[in-house]
Amino acid sequence: MKVVGITTQQEVYVGSKERNFRINEFLIIEDPYQEDLLGEVVEAKTFNRYIPLNIYGDFVDNSVLESLKALGYDIDEDTIYISKVRLLNEALYPIQTGSDVRLPKFEEVKDIMIKTSREDGLVLGAIKNTDDMALQMDEEFKELFHTFEEGRLMPQKEIPYIMDLKSMHHYPHIGVFGGSGSGKSFGLRVLLEELMIQNIPTIVLDPHFEMDFSETASYLEEKTENFKDKFKCLQVGTHVGVKFEDLSAQDLKNLLDAASHLTDAMNNVVDILFKPRDSYYSFFNRLQMLTEAQEEGSSDKIESRINSGSDEEERRAWRERKKLFESYDKTCPYNSVRGILWRLKRLGNDGVFSKDIREIETGLQNGKLIVIQGSTRILQVFSTYLLNNLYHKRREYKDALYKKTSAEYFPPFIIVTDESHNFAPKGYESPSKSILKEISQEGRKYGVFLILATQRPTLLDETITAQLNTKLIFRTVRASDIQTIQEETDLTMEECRRLPYLRTGDVFISSATMGRTIFARIRAAITSSPHTINPFDELKSKFKEEDERFLKIIIDKLPVMATDLTDLALEIEQETGTTYTVDNLEERLKQMVDKNHIEKEETIFGYRYKSKK
Ligand SMILES: Nc1ncnc2c1ncn2[C@@H]1O[C@H](COP(=O)(O)OP(=O)(O)OP(=O)(O)O)[C@@H](O)[C@H]1O
């Protein structure tokens, strides 16, 4: 392998007759006048005499052709491999054309590829095209994981990509971008498995109900890591919720706003009508009674309701309404009170106020991964409250340490969410966005970190995107998203051009710790998503199950005449409790004939269904 053509201090072409180049592989250039220089292949091509080199004017120019000839290559006869190599560090002078090029040894790249040990890092996968160097790798970096290729589990052959967990202290937030089916959720799963292995307190917002880690992946036979005690799935409204009594007026306004946008007048109503330590019912009642009074329209009309009350209870209730009316009617317009009431009811019906967040806090204190499940809308509401609460607990603890006052310990933690553009959208305000923005800007100081995944980086708030110091970028097809990625990362033009064609599970990792972009393959996950079964396989097995059940019911009753189906339906109902109409039963019997489970024959009295011989 030799340097060919006109060179610069940053880039060279390398030609070879023997060895094909692979994109992203590393090469060492032995310039006789400088130290050895490390470079990375950014483009690779192969030529032979059937494809004349000079038609590819954009990739190799005349200077490359001339120096290939000068170095003894027969460009009309030989197959020639050419690569464009970008140096990792700029050379002092342009590289000497004709310099020898060789593959590096592991030791020569170790420092730029591996930033931490297995114990202190997250093993996410393999650095692609490093198999030559991996042969000489230290034992501690071998056999750390498997990859999953073409339906098969493959042992680790390449250098591992180990994300340095401690570097989050300096480069705190991570973005995970990639289009549908690109391997983004799978990558997120691997990242979360690694956080569980390290016992890092983590909150996961899971709108897809997919971040369950109890199932071991079907391709893993041997006994592997078990995450059962390391995570907990909690559903909003069933296991966790907001304790109304602990809310401040601001918390409540955030929650109601997340349910549906609040006008200024509605905000005002909450400030006036909400009393500290109110319960859901006491606040609800106050609003309800005020609206009932307002519907009457005047103090006189309410007075007449008091007078015509049928019993003392009713008279007392109307007296209370009158008091509310006189105190608040002027400051709280009817429509705004109704608006608050409607939002409150909506949250109440979703069960948001039926539980508290104690289980989440205890889980985090114990180093667990807590998965919060619910619809996107509910999660938007709940996460606003939850993240504010937890973030401020951690802040209070850290501030108290600084001021040398006492405060209850609250651990550092990581917040993870898929579909993050729904929680922090670009272009408009949302309550969950303000807390995520605050954490993206200040979280580092307090040890609170973000991992935000999205299919649509273009729709994610720009201030937050700019704070994501590490980005995992999977296959992306949409031009606007590729453009955003180009603007927000250090991916080169060549790398961005490759984005639409990446294989599922292959990823560019652009990280400040590494100082450059690494091309990697995400390792095989240890666990699998509860939604991995193909819906068409599900249908097939459901039909099969149904058929078997039906056959079991009717097989002893065969043969049966088509004219006797009424009696048969009755008999089945008495024996099994399952009701079939005659049409239904006939349809099912015909299906069984079509599927070759039973037979149908014609007799002089009509059709007869019978078992197969
Ligand atoms: N690193 C990988 N190795 C092997 N298979 C993978 C890998 N990543 C993903 N896959 C497979 O590809 C499929 C799609 O992956 P995944 O569900 O993660 O896509 P996605 O990008 O999250 O899509 P969506 O955003 O639509 O959920 C999955 O069935 C998964 O098994």
Side-chain angles (χ1 to χ4, degrees), residues 118-125 144-146 163 165 168 174 176 183-220 222-241 355-376 378-379 382-383 386-387 389-391 393-394 410-420 423 439 447-453 472 522-533:
R118 200 285 160 249
E119 286 67 41
D120 284 332
L122 313 177
V123 180
L124 298 189
L144 294 182
F145 57 85
H146 286 82
M163 185 180 275
L165 191 55
M168 281 186 103
I174 301 175
V176 183
K184 174 173 52 67
S185 307
F186 195 93
L188 207 52
R189 169 169 293 275
V190 167
L191 199 54
L192 297 179
E193 286 177 0
E194 290 291 323
L195 289 174
M196 284 190 278
I197 292 172
Q198 302 285 349
N199 299 316
I200 308 294
T202 305
I203 290 278
V204 185
L205 305 179
D206 178 18
H208 297 148
F209 291 75
E210 64 181 349
M211 288 304 171
D212 191 305
F213 300 88
S214 30
E215 292 277 322
T216 301
S218 55
Y219 44 73
L220 289 176
E222 48 205 285
K223 243 185 117 44
T224 48
E225 192 94 28
N226 183 332
F227 295 105
K228 287 209 169 79
D229 295 331
K230 298 205 172 231
F231 81 100
K232 213 166 209 181
C233 287
L234 301 172
Q235 282 153 23
V236 182
T238 309
H239 308 106
V240 288
K355 291 279 180 305
D356 58 29
I357 58 168
R358 215 163 312 146
E359 201 168 349
I360 301 175
E361 289 176 13
T362 319
L364 290 183
Q365 299 269 16
N366 293 330
K368 287 198 186 189
L369 180 122
I370 305 293
V371 183
I372 314 284
Q373 298 177 322
S375 67
T376 303
I378 291 289
L379 284 181
F382 182 66
S383 66
L386 176 73
L387 300 183
N389 215 292
L390 300 178
Y391 180 56
K393 279 212 163 79
R394 172 68 186 167
F410 200 81
F413 62 98
I414 300 183
I415 299 159
V416 185
T417 168
D418 204 350
E419 308 293 359
S420 55
F423 297 93
I439 296 173
V448 178
F449 309 113
L450 299 174
I451 300 179
L452 302 181
L472 277 67
I522 297 294
R523 69 163 170 77
I526 299 167
T527 57
S528 69
S529 154
H531 308 315
T532 42
I533 179 161

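Excluded from the calculations below are hydrogen atoms, water molecules and symmetry mates; all remaining heavy atoms, backbone and side chain alike, are included. Please read these numbers as outputs of a predicted model, since none were measured by experiment.
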key: Residue list, ring-ring contact (aromatic ring centres under 6.0 Å, His included) with Phe231, at least two apart or on another chain   = Phe213
request  = Could you list the residues that satisfy ring-ring contact (aromatic ring centres under 6.0 Å, His included) with Phe209, not counting sequence neighbours?
outcome  = none
inquiry  = Is it true that, when you exclude Glu215 itself, more than 12 heavy atoms of the residues, nucleotides or ligands shown sit nearer than 6.0 Å to its CD?
reply    = no
message = Please check if the number of heavy atoms outside Lys232 that lie under 6.0 Å from its NZ is greater than 12.
response = no
request  = Check the pair Arg523 / Leu144 against side-chain contact (heavy atoms from CB on, under 4.5 Å), numbers first and verdict last.
outcome  = CA-CA 10 Å; Arg523 69 163 170 77; Leu144 294 182; over 6 Å; no
Once rounded to the nearest 0.5 Å, what's the spacing between atom [atom1] of [X] and atom [atom2] of [Y]?
X: Ile360; Y: Leu234; atom1: CD1; atom2: CG; answer: 6.0 Å
X: Asp206; Y: Ile370; atom1: CG; atom2: CD1; answer: 13.0 Å
X: Leu195; Y: Ile200; atom1: CG; atom2: CD1; answer: 6.5 Å
X: Leu165; Y: Ile414; atom1: CG; atom2: CD1; answer: 6.0 Å
X: Ile174; Y: Leu122; atom1: CD1; atom2: CG; answer: 7.0 Å
X: Ile357; Y: Phe382; atom1: CD1; atom2: CZ; answer: 6.5 Å

Which atom of [X] lies closest to which atom of [Y], heavy atoms considered:
X: Lys355; Y: Val240; result: CB-C, 3.5 Å
X: Leu379; Y: Gly374; result: CD1-O, 3.5 Å
X: Ala217; Y: Ala525; result: CB-O, 3.8 Å
X: Glu210; Y: Ser529; result: CB-OG, 3.9 Å
X: Arg394; Y: Pro411; result: CD-O, 3.4 Å
X: Met211; Y: Val371; result: O-CG2, 3.4 Å

task = Check step by step if side-chain contact (heavy atoms from CB on, under 4.5 Å) holds for Leu188 and Ile451.
result = CA-CA 9 Å; Leu188 207 52; Ile451 300 179; 4.1 Å; yes
inquiry  = Run Ser185 and Asp418 through side-chain contact (heavy atoms from CB on, under 4.5 Å) and show every step you take.
reply    = CA-CA 8 Å; Ser185 307; Asp418 204 350; 3.8 Å; yes
key: side-chain contact (heavy atoms from CB on, under 4.5 Å) between Phe413 and Val448, intermediate numbers included   = CA-CA 5 Å; Phe413 62 98; Val448 178; 3.7 Å; yes
request  = Applying side-chain contact (heavy atoms from CB on, under 4.5 Å), name anything that partners Ser375, two or more places apart in sequence or on another chain.
outcome  = Arg377, Ile378
Test item: Lys230 and Leu369 side chains (from C-beta on) under 4.5 Å apart, heavy atoms = no
Is there a donor-acceptor contact under 3.5 Å from the side chain of [X] to the main chain of [Y]?
X: Glu119; Y: Gln198; value: no
X: Lys393; Y: Phe410; value: no
X: Asn366; Y: Lys368; value: no
X: Glu419; Y: Pro207; value: no
X: Arg189; Y: Ile526; value: no

query = Do Gln373 and His239 get their side chains close enough for a donor-acceptor pair, meaning under 3.5 Å?
reply = no
